[in-house]
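Letters go in sequence order (proteins before strands), and every chain restarts at 1.
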Amino acid sequence: MADEQAIEVQEALEAPERGSAEELLDAGARAPIDAMRHSAAHVMAEAVLALFPEAKLGIGPAIENGFYYDFDLPRPLTPDDLAAIEARMRESVAAAHPFVRREVPFAEARALVAAAGQPYKVEILDDLAARATAAGDPPPATSFYEHGPFRDLCTGPHVATTAEIGPFRLLAVAGAYWRGDEKRPMLQRIYGTVWGTEEELEAFLWRREEAKKRDHRKLGVRLDLFSFHDVSPGAAFWHPKGWRLYTTLRDAMRELQARRGYDEIYTPPLVHQKLWEQSGHWDHYRDNMFLVEAEEQTFSLKPMNCPESSFIYRSRLRSYRDLPLRLAEYGVLHRNELSGVLSGLTRVRHFVTDDAHIFVRPDQIAAEIEGLMGEIRESYSWFGLTPTLTFGTRPDEALGDPAVWEETEAIMRAELERSGLEYRVKPKDGAFYAPKIDIQITDALGREWQTATIQVDRVMLPERFDLWYIDETGRQQRPVAIHRAIYGSLERFIGVLTEHFAGAFPLWCAPVQAVVIPIADRHLDPARELAAVLRGHGLRVEVDASGGRMQNKIRVAQEQKVPYMLVLGDREVTARTAAPRTRAGEQQPAEGWEALAERLATESAARRPE
RNA sequence: GCCGACAUAGCUCAGCGGUAGAGCAGCUGUUUCGUAAACAGCAGGUCCUCGGUUCAAAUCCGAGUGUCGGCUCCA
């Protein structure tokens, strides 16, 4: 059942560059990097005020990699403005203004910011006062930080002088609602990055460039995997190569699921309104659903599979002996995401998840989770990824008996421990109907993505859809419904993999596993024969029949990131061999066709990440 | 949805009031080549859509569509 959080494949948090230098001190300045970044925000505000005296200041915190500051300005900023602001900032840094802290009584502080014509700052203070009053406290003491001509309401801390701000760069300007509230004014947010050393700044900018190069939206076009068209925003058109990748990933998961005792089902994508009323989506999720009218009835494209799987569960009487019942479904889902948030494959309106609903008896929860951990560990090893886990516990407004929650959470926690995988706990971060384990992966550029999720639901599906089974004493019992996905959305997973591997997919899932390269046209027929031999072993092979030179064919295959290039010239044709070259540039000794086919097929079947 | 930017050949981009351009890819021909680009020629466009300004619009203005950067980080 579940609301939007059920299988939250869409909510991946892209958190660029975690860890690294964040908490490090700059050796020279001895200032924590956050103080440096926050100080840079002040310096930027100083520069903006110098250029736009009428600017109203929002907030300007340190963030991952840098800082931002929000401004209410008379006109939109241009890239030229950014350059001008950055130039003024450098002057301020060169002037080495000391940061001076001043403690100021509340009333005086309020008068100061009001006199300065800073309504957002006044609002911040009024909020603080209101909160203090609500807690029965007197208005809080406040502090200002000053440097040179600039003064800002601020708790600090800051570096000693503006000269201690490390190498920085302004990055972008973007709209941001005041306090993240779409009903409040839209401010202009300027993002910047600051680092302790020039090398770190360069490294950051390099990673940023590299991330741009690896962007799956660009690689998807270059590798001919998929395309997007305005006739269906937020939905990929899969080209033959992309679809090969897609089906290969899906079929690998199907193979694993078959081994693990899953059954696969398929339920209709178009479902009557009344189901959504029963599930609760009609009240809570309608805005995100695509509605379709037919004969004065309202249907919706399903945003998730859960409710319909309950029909299959209830299609016959279930015995305790039938459980666990593992129903996997590659259902086609549609969610009407706001047009502004769509982004390549990672934020789409149409997608498919490797979804499953597992119905178990309460005494089977632990064993099932243990099994799921194994599934996750195995499938992520295909890509050389090590998942990290996040355990979300009971939120404040949760459905169901707190005692049952506690019991479930205890079981899950024990299994997390046993799994040996790294995990963190986010208290109260569970779905409102189920504690959950979210799975994150960190890609080759250190970016973290959320993919899979496991939710142990003892309320929503079981109760709301009135599911039960007959126990050994003949009584009706509620099953537990475990919602789980491992890849999450295939679309998104492919987007993440594309960026992780920079398009150089492991052999086992590469859309084209080998290209046969005839040196001259007289080698074309043998090349086709070789390709047939390889295809006979289930390999995905192409022949480069273009009129180009061998060097050019290698270059093309190299750019297409094909794992193996099999060169065929006079020597090889005579000997019925081929000379393999890997995309890493390694030249391997010529090998007989059959032996080569067997070797590559074995390598492929092993599903190794390379 | 909201703020800003962008939309020119299959791809990457130039042109920014006066006859639509390049590189790559494609096609044709020549070359038949030994591990990351042979040579030559040809073809390729409602300059996103609709409306407006102008003698004249890819270019300026407005609306629409799509794409991109953001809209969580609370002095």
Among [options], which is the nearest nucleotide to the side chain of [X]?
X: A/Gln551; options: B/rC33, B/rC71, B/rG69; answer: B/rC33
X: A/Asp230; options: B/rC74, B/rG34, B/rG66; answer: B/rG66
X: A/Val567; options: B/rU32, B/rG34, B/rG70; answer: B/rG34
X: A/Leu342; options: B/rA36, B/rG1, B/rU67; answer: B/rU67
X: A/Val341; options: B/rG34, B/rG1, B/rA36; answer: B/rG1
X: A/Arg555; options: B/rG1, B/rC2, B/rA37; answer: B/rA37
X: A/Arg571; options: B/rG34, B/rU32, B/rC3; answer: B/rG34

Please name the nucleotide paired to [N] by Watson-Crick or G-U wobble geometry with both distances under 3.5 Å, or report none.
N: B/rU19; answer: none
N: B/rC68; answer: B/rG4
N: B/rG26; answer: B/rC42
N: B/rC33; answer: none
N: B/rC47; answer: none
N: B/rA14; answer: none
N: B/rA9; answer: none
N: B/rU54; answer: none

Does any donor atom in the side chain of [X] or [Y] lie under 3.5 Å from an acceptor atom in the other side chain?
X: A/Thr193; Y: A/Trp195; value: yes
X: A/Ser343; Y: A/Arg217; value: yes
X: A/His239; Y: A/Ser227; value: yes
X: A/Arg599; Y: A/Gln588; value: yes

If you assign A/Ala62 and A/Pro580 each to the RNA chain B nucleotide with the nearest heavy atom, which residue ends up on the more 5' nucleotide?
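In this pair, the answer is A/Pro580.
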Hey, which of these two, A/Pro76 or A/Ser232, hits RNA chain B nearer its 5' end, going by closest nucleotide?
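On the 5' side of the pair lies A/Pro76.
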Answer yes or no: side-chain N or O of A/Tyr177 and base N or O of B/rG70 forming a donor-acceptor pair under 3.5 Å.
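Result: no qualifying N/O pair found.
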Using a distance-only criterion (donor-acceptor N/O pair, under 3.5 Å, no hydrogens), is the base of B/rG34 paired with the side chain of A/Glu572?
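Indeed there is one.
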Any base atoms under 4.0 Å from [X], or only sugar-phosphate, or nothing? Heavy atoms, all strands.
X: A/Gly66; answer: nothing
X: A/Gly58; answer: nothing
X: A/Gly180; answer: sugar-phosphate
X: A/Lys121; answer: sugar-phosphate
X: A/Asp570; answer: base
X: A/Ile59; answer: sugar-phosphate
X: A/Gln560; answer: nothing
X: A/Asp521; answer: base
X: A/Ala557; answer: nothing

Output the rounded distance in Å from [atom1] ([X]) to [atom2] ([N]).
X: A/Arg549; N: B/rU32; atom1: CZ; atom2: P; value: 11 Å
X: A/Phe226; N: B/rC11; atom1: CZ; atom2: C1'; value: 15 Å
X: A/Asp181; N: B/rG70; atom1: CG; atom2: C1'; value: 16 Å
X: A/Lys561; N: B/rA36; atom1: NZ; atom2: C1'; value: 13 Å
X: A/Arg189; N: B/rC2; atom1: CZ; atom2: P; value: 19 Å
X: A/Arg217; N: B/rA7; atom1: CZ; atom2: C1'; value: 16 Å
X: A/Leu345; N: B/rC68; atom1: CG; atom2: C1'; value: 15 Å
X: A/Leu338; N: B/rC71; atom1: CG; atom2: C1'; value: 11 Å

Considering only the [atom1] atoms, how many Å lie between [N] and [M], rounded to the nearest integer?
N: B/rU65; M: B/rG17; atom1: P; answer: 29 Å
N: B/rA37; M: B/rA25; atom1: P; answer: 12 Å
N: B/rG64; M: B/rA56; atom1: C1'; answer: 26 Å
N: B/rA9; M: B/rU49; atom1: P; answer: 11 Å
N: B/rU19; M: B/rC47; atom1: C1'; answer: 14 Å
N: B/rG70; M: B/rA36; atom1: P; answer: 38 Å
N: B/rA22; M: B/rG45; atom1: P; answer: 14 Å
N: B/rU67; M: B/rU8; atom1: P; answer: 14 Å

Would you indicate, yes or no, if B/rC33 has its OP1 or OP2 atom less than 4.0 angstrom from a side-chain nitrogen or oxygen of A/Arg522?
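The answer is yes; a side-chain N or O of A/Arg522 sits under 4.0 Å from OP1 or OP2.
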For A/Tyr191 and B/rC71, is the shortest distance between a side-chain N/O and OP1 or OP2 below 4.0 Å?
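Yes, such a contact exists.
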Whether A/Arg189 engages the ring of A/Tyr68 as a cation-pi pair (distance to the six-membered ring centre under 6.0 angstrom, angle to the ring normal within 45°) should be assessed.
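Judged by the rule (NZ or CZ under 6.0 Å from the ring centre, within 45° of its axis), A/Arg189 counts as positioned above A/Tyr68.
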Can a donor-acceptor pair be found, under 3.5 Å and without considering hydrogens, that links the side chain of A/Arg37 to the backbone of A/Ala62?
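Such a contact is absent between A/Arg37 side chain and A/Ala62 backbone.
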Using the benzene-type ring in the case of Trp, are the ring centres of A/Phe67 and A/Tyr69 under 6.0 Å apart?
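No, ring centres 6.0 Å or more apart.
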Is the A/Phe237-A/His229 ring centre distance short of 6.0 angstrom?
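Close enough - the centres of the two rings lie under 6.0 Å apart.
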Does this structure show an ion pair linking A/Arg424 with A/Asp438, if we count only N-O contacts that are shorter than 4.0 Å?
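No, A/Arg424 and A/Asp438 are not salt-bridged.
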